[in-house]
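Any value given below was found using the heavy atoms of this structure, including those in side chains, with hydrogens, waters and symmetry copies removed.
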Amino acid sequence: MAQWDKLTELSDAYTQQLHELYDRDDFPMDVRHYLSVWIEKQDWQRAAREHDFAMVLFQVLLENLDNQHSRFVQKESFLLQHNIRRYKQGFQRYLDDPCALANTILWFLSKEKDILQNAELAEQVQLLCVEQEAMETSSQHDLERKMVGLRNEVQCMEHTILCLEEQQDEFDFKYQTHKMEAVVDEAVKKDQMKVLQILVNRLNDCRKGTLSDLKKLLDRTEDLINILVKKELVEWQRRQQKACIGSPNNVCLDQLENWFTCVAVCLFHVREFLGKLEELVGKVSYENDPVKAQKPALLSKADTLLKELLKSSFVVETQPSMPQGKGPLVLRTNVQFSVKTRLLVKFPELNHSMKVNVSMDREAPQIKGYRRFNVLGTKSKALNMAESQSGGMVADFRHLNLKEQKSGGGGKGASDISLSVTEELHIIYFETEFEMKGVSVALQASSIPVVIISNSSQQQSAWASVLWFNMLSLDTNDVMFFANTPPATWPQFGEMLSWQFLSATKRGLDEAQLEMITHKLFGKKQNYDACKVAWSKFSKENLPDTFWVWFDGILVMVKTYLEDLWRDGLIMGFVSKGKEKSLLKKKQRGTFLLRFSESVIGGITFSWVETTINGEPDIKTVQPFSKVDLCQIPFHEIIRNFQILEAENIPENPLLYLYPNTPKDEAFGKYYSEKTGADNPYFRYIKTKLVFVSKENTLEARSPMSSDMAQGESLERMNGLCGEAAELNESPHSLQQSLLETYHPDDPMLSGSLAATEEDLLTYLNNPNAFVDPDILQEESGLSDFSLSGFNCLPQQSCGSIFQ
C-alpha cells in the first residue's frame with residue numbers, strides 16, 4: 001500500500017499529526033493527495049543533489065498539476081480548479097532553485113514516514129505490553145467507576161435539593177397560612193403549632209442530611225483529585241519525559257481530560273448546591289440553622305479543591321521542538337520552534353476567551369555565565385478547540401524563536417559553578433487566567449527543561465543532555481541537574497539506548513546486542529544490574545569520540561541508510577570482534593554477519609568464513625563502509641556485488657549465507673535493484689570499488705591484514721590499495737589501457753586526487769611492489785598472502801581493504 005494511503009487510514013490521533021504537518025504553506029496537502037502516486041515514485045534524494053534532475057521533476061510536477069486542473073474542469077469543480085491554479089503559481093518560486101523544492105518534498109515524506117512509524121510502533125507496543133496494559137486498564141476501569149459514582153451522587157444531590165425546596169415550600173405555605181388565619185381557639189392553635197414544629201424539624205433534619213451528603217461528596221471529590229493530580233498526572237508527566245527520548249509510551253491526554261472535566265463539573269455543581277441552600281435560608285431560617293453554621297466551611301473546601309484541580313489542569317501537551325531538530329527539547333537561537341499547551345478542564349463557553357502568554361526563565365540559577373533569552377514571535381494565543389482533533393482546549397504556538405540577551409552572567413549571587421552550553425537547562429513558562437461562574441484562578445504551566453544551542457554542531461551534545469536528564473530526573477524544574485550529575489544504572493541506561501533505535505527504526509536492541517555494549521563499558525561480569533554509567537563516561541571522556549558520539553554515529557547511519565535491513569533483523573550490529581570470530585568459526589564456508597565498527601564512527605563491516613588449505617576456518621573482514629560509501633550505493637547492493645578475483649581469474653562473491661544459515665539472496669533479495677550489469681544504477685561504484693584481487697604470480701601486493709581478530713586492534717586503511725580490479729590474464733598493454741580507461745577524474749564517487757600518469761602505469765607493470773609502502777610491509781611481516789593487487793596506480797578510495 002502506498003505511503004499516503006496508509007496515512008489516510010490512521011486513527012484520529014495520528015491523522016491530527018498529519019493535518020498539523022501540512023498546516024503550512026511549503027507544500028499543500030491537496031497537491032500531496034492528488035499526485036501521491038507520482039510523488040512517491042520519484043527519487044527526491046537525487047533531485048536534492050542534482051540541479052538538472054531536480055529541474056526535470058519540477059517541470060513534470062507542473063505538468064501533472066495542469067493535468068489535474070483539466071480533470072477538475074471536466075468535473076466542474078470550481079473551487080479545486082482555483083486551488084490547483086494557485087498552487088502551481090506558488091511553485092514558480094522554485095524555478096531558480098528546484099533543489100529546494102526537492103528538499104522540501106523530501107522533508108515532508110520523511111515526516112510522514114515518522115508518523116507512520118509511530119502509529120505502527122504504538123500497535124506493536126500494545127502487543128508487547130499486554131500485562132502492563134492489563135494492570136493499567138484495571139486501574140483506569142477502577143477510576144472510571146469512581147467517576148461514574150461521582151456523577152450519580154451529583155444527580156442524587158440535585159434530587160435532594162429539589163426535595164428540600166419542596167419540603168421548605170410546604171412548611172412556608174402552612175406557616176404563612178397559620179399567621180393569616182389568626183386562630184382564636186387555643187386548642188386548635190396549639191395543634192397547628194405542633195404540626196408546624198414537626199414540619200420544621202423535618203426541614204432541619206433534611207438540611208442536616210443534605211449538608212452531610214455534600215460533605216461526603218466533597219470528600220469523595222478530594223480523593224479523586226488526589227488520584228488525578230498526585231498519581232495519574234504525575235505518571236503522565238513521567239511518560240511524557242520518557243516519550244521525549246524515544247520511549248513508546250502513550251501520552252494521549254483525552255482520558256485525563258475527561259476525568260479532570262468530570263471532577264470540575266462536580267465541584268461547580270457543589271458550589272451551585274451551596275448557593276441554592278443560601279437562597280433557601282434567605283426564605284426560611286430559624287435558630288441553630290445548620291446551613292448557616294456549615295455552609296461557609298463547605299464552600300471554602302469546594303473552592304480550594306476546585307482551584308487545586310484547575311492549577312494542575314494546565315499542561316504542556318507537546319514539548320518545545322524545532323521542525324528539523326534531532327529531537328524535542330533542543331532549541332536553537334533564531335530558529336523557529338513549536339509548543340502546545342492544553343487545559344484539561346474543557347468548558348465550551350471558554351473557547352477563545354483564555355489568553356496564554358509565553359515567557360522564559362524567571363530567575364536565573366546561581367550558575368556562572370548562565371545565559372538569558374528573550375522569546376520572540378507570536379507570544380500570546382487563545383485556548384481554543386479548533387486546533388485539536390479531539391476538541392480539547394489548546395493553544396498551539398508554532399512560530400516562536402529565542403534570542404540571547406546581551407546581558408547575562410547568571411543569577412544574583414552566582415556561584416563558581418560553571419556548565420557548558422549544552423548542560424545549561426532553561427524552562428519556558430506559560431500563563432493564563434481561568435474565569436468562570438465567579439471562580440478566578442491564575443494558571444501556569446512549564447516545559448520540561450530545554451537545551452538551547454546557537455550552532456547545529458552542538459545538537460549531538462545537546463541531545464545527550466536531554467537524554468540524560470529525562471532518563472534520570474523526576475523533578476522537571478531542576479535546572480541545576482548538571483551541577484551534580486547523577487550516574488545511571490545499567491538497566492536505565494540500556495533501556496534508553498534501546499529506545500533510540502526503537503523510535504528511529506521501530507526495532508530496539510535485543511539482549512545480545514546490549515550485552516556487547518555492557519562488555520564495552522564494564523568488561524565481562526556475572527550481573528550488570530548494579531553497574532553504573534557516569535555522565536562523563538557517556539558524553540565527555542575520550543573527546544571527541546565519546547561513547548555517545550560512537551553510538552549516535554551508528555544510529556544516524558542505520559536511520560539514514562540501513563533502516564529496512566535493521567528492522568528485518570539482518571544486521572547483528574553490536575557484536576565484538578572476538579564474539580564474531582567465535583560465532584563464525586563454527587559455520588560453513590561463506591557464512592557472514594554484519595556488525596558495526598568499534599573504531600570507525602558510523603561504520604559498518606562484514607566478516608565471512610573462508611577455509612584454509614588445511615581445512616581450518618579462516619575469518620576475513622572488510623574495512624568498514626561509512627556514509628561516504630552508503631550515500632552512493634545501498635548496503636544490500638554492496639553485499640550482492642562484493643567480489644574477490646582469485647588467482648585463476650574467476651571473480652567470486654565470498655558472501656553466501658547470512659549468519660546463522662540463511663542464503664544471502666533469500667535474506668536480501670527483496671531489496672536488490674531490478675536492473676543488472678551496465679543498467680544497474682550503481683554499476684560505476686560496483687565496477688571501481690567492489691572487486692578485490694587475491695595473490696597472483698604476476699601482480700602481487702600485500703594488504704595490512706591480521707589473523708587474530710579477537711585482539712581488537714585498530715584496522716587502518718592502506719594508501720593505494722583500493723580500486724578497480726584488472727584482468728590479470730591480459731597483456732601488459734591491455735592492462736595499462738584498462739586502467740587508463742576506467743579511471744574517471746571527474747567521477748563524484750571517487751576520492752579527489754591526481755590521476756595516474758602513463759609512466760606511473762608502466763612503472764607499476766614492471767615492478768608492482770614499487771607502489772607498496774615498505775614500512776607497512778615491514779610491520780606486518782609474516783601475515784598471510786591475501787592481498788589487493790592491481791590497484792596501486794589509483795588514488796586511495798573510500799571503500800575497505802580486505803582484512804583477515
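- D475 CG: more than 12 foreign heavy atoms inside a 6.0 Å radius.
- E424 contributes no side-chain N or O that, together with a main-chain N or O of L419, makes up a donor-acceptor pair within less than 3.5 Å.
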Which is it for T333 and K403 under the side-chain hydrogen bond (donor to acceptor under 3.5 Å, both in side chains) test, yes or no, and what are the steps along the way? CA-CA 6 Å; T333 53; K403 184 175 182 180; over 6 Å; no
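- Between the side chain of T221 and the main chain of L217, a donor-acceptor pair closer than 3.5 Å is present.
- In this structure the side chain of E387 never reaches within 4.5 angstrom of the side chain of H19, judged on heavy atoms.
- Taking 4.5 Å as the limit, some side-chain heavy atom of L277 sits within range of a side-chain heavy atom of I161.
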Starting from the C-alpha separation in whole Å, work towards a yes-or-no answer on side chain to side chain contact (heavy atoms under 4.5 Å, CB included) for L233 and L228. CA-CA 6 Å; L233 186 60; L228 289 178; over 6 Å; no
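- Crowding of K311 atom NZ: a count of heavy atoms from other residues, nucleotides or ligands under 6.0 Å not exceeding 12.
- For V281 against V291, the heavy-atom pair with the smallest separation is CG2-CG1, 3.2 Å.
- Salt-bridge annotation for D142 and R145: present, with a side-chain N of the basic residue lying under 4.0 Å from a carboxylate O of the acidic one.
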For residues 259-271, which side-chain donor-acceptor pairs fall under 3.5 Å, sequence neighbours excluded?
{"unit_1": "W259", "atom_1": "NE1", "unit_2": "E144", "atom_2": "OE1", "d": "2.8"}
{"unit_1": "T261", "atom_1": "OG1", "unit_2": "E257", "atom_2": "O", "d": "2.7"}
{"unit_1": "T261", "atom_1": "OG1", "unit_2": "L344", "atom_2": "O", "d": "3.1"}
{"unit_1": "T261", "atom_1": "OG1", "unit_2": "K346", "atom_2": "N", "d": "3.1"}
{"unit_1": "H269", "atom_1": "ND1", "unit_2": "E272", "atom_2": "OE1", "d": "3.4"}
{"unit_1": "R271", "atom_1": "NE", "unit_2": "D303", "atom_2": "OD1", "d": "2.6"}
{"unit_1": "R271", "atom_1": "NH1", "unit_2": "K437", "atom_2": "O", "d": "3.2"}

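- Rounding to the nearest 0.5 Å gives a distance of 6.0 Å between OG of S473 and CD of Q241.
- Taking A488 as the reference, W468, M471, L472, Q492, F493 meet the side chain to side chain contact (heavy atoms under 4.5 Å, CB included) condition, with sequence neighbours excluded.
- For the pair I428 and F337, the minimum side-chain heavy-atom distance is below 4.5 Å.
- Other residues, nucleotides and ligands place no more than 12 heavy atoms under 6.0 Å from the CZ atom of F173.
- Contact record, T422 with S465: O-OG, 2.5 Å, taken as the closest heavy-atom pair.
- Residues H33 and Y22 keep their aromatic ring centres 6.0 Å or farther apart.
- Between the side chain of T476 and the backbone N or O of I448 there is no donor-acceptor pair closer than 3.5 Å.
- Here the closest heavy-atom approach between residue W463 and residue G327 is recorded as CZ3-CA, 3.7 Å.
- Between the side chain of S313 and the backbone N or O of L310 there is at least one donor-acceptor pair closer than 3.5 Å.
- Proximity of a side-chain donor or acceptor of Q240 to a complementary backbone N or O of V316 within less than 3.5 Å is detected.
- Going from atom NZ of K6 over to atom CD1 of I115 covers 14.0 Å, rounded to the nearest 0.5 Å.
- Contact check for E222 versus L218: no side-chain heavy atoms found under the 4.5 Å cut-off.
- In this structure the side chain of E165 reaches within 4.5 angstrom of the side chain of K276, judged on heavy atoms.
- Within a 6.0 Å radius of NZ in K301, more than 12 heavy atoms belonging to other residues, nucleotides or ligands are found.
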Does the pair K208 and D213 meet the rule for a salt bridge (charged side-chain N to carboxylate O under 4.0 Å, His left out), with working shown? CA-CA 9 Å; K208 285 181 178 179; D213 289 344; over 6 Å; no
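- Residues that satisfy the side chain to side chain contact (heavy atoms under 4.5 Å, CB included) test with S440, not counting sequence neighbours, are E433, E435.
- The local environment of CZ in R151 is crowded, with over 12 non-hydrogen atoms from other residues, nucleotides or ligands closer than 6.0 Å.
- Interatomic distance, CZ of F273 versus CG of L211, reported as 13.0 Å (0.5 Å rounding).
- Here the NZ atom belonging to K295 is positioned 5.0 Å from the CG atom belonging to L299, to the nearest 0.5 angstrom.
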Taking it one step at a time, do K242 and N470 satisfy side chain to side chain contact (heavy atoms under 4.5 Å, CB included)? CA-CA 6 Å; K242 292 181 178 180; N470 290 287; over 6 Å; no
Test side chain to side chain contact (heavy atoms under 4.5 Å, CB included) applied to V339 and Q319, step by step: CA-CA 5 Å; V339 60; Q319 293 295 328; 5.7 Å; no
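- Remark: the backbone N or O of I452 is paired with a side-chain donor or acceptor of R371 at under 3.5 angstrom.
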Apply the test side-chain hydrogen bond (donor to acceptor under 3.5 Å, both in side chains) to residues S380 and N357: give CA-CA distance (whole Å), side-chain angles for both, the deciding distance (0.1 Å), then the verdict. CA-CA 5 Å; S380 180; N357 298 310; 3.0 Å; yes
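- Side-chain atoms of S447 never come within 3.5 Å of backbone atoms of P449 as a donor-acceptor pair (strictly under, hydrogens ignored).
- Judged purely by atom type and a 3.5 angstrom limit, W236 uses its side chain to pair as donor or acceptor with the backbone of V251.
- Pairing each heavy atom of V345 with each of M393, the nearest pair is O-CG, 4.5 Å.
- Residues L425 and F482 form a side-chain contact, since some pair of their non-hydrogen atoms from C-beta on lies under 4.5 Å apart.
- Atoms SG and CZ, on C244 and F469 in that order, are 11.0 Å from each other to the nearest 0.5 Å.
- Residues Y14 and N118 approach most closely at OH-O, 3.5 Å, considering heavy atoms.
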Pair R372, E404 - check side chain to side chain contact (heavy atoms under 4.5 Å, CB included), show working. CA-CA 6 Å; R372 301 294 295 271; E404 185 175 354; over 6 Å; no
Worked check of salt bridge (charged side-chain N to carboxylate O under 4.0 Å, His left out) between R207 and D205: CA-CA 5 Å; R207 285 186 175 181; D205 291 341; over 6 Å; no
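- Contact detail for L224 and K146: the closest heavy-atom pair is CD2-CB, 3.6 Å.
- Between D396 and R342 there is no salt bridge, since no side-chain nitrogen of the basic residue lies less than 4.0 Å from a carboxylate oxygen of the acidic one.
- Atoms CZ and CG, on F373 and L331 in that order, are 9.5 Å from each other to the nearest 0.5 Å.
- The closest donor-acceptor contact from the side chain of S300 to the backbone of P296 lies at 3.5 Å or more, if one exists at all.
- You'll find the side chain of S446 reaches within 4.5 Å of the side chain of N477, heavy atoms only.
- Checked by atom type and distance alone, the side chain of R239 pairs as donor or acceptor with a backbone atom of N250 at under 3.5 Å.
- Inter-residue side-chain proximity for K340 and F397 is flagged as unmet; no heavy-atom pair is nearer than 4.5 Å.
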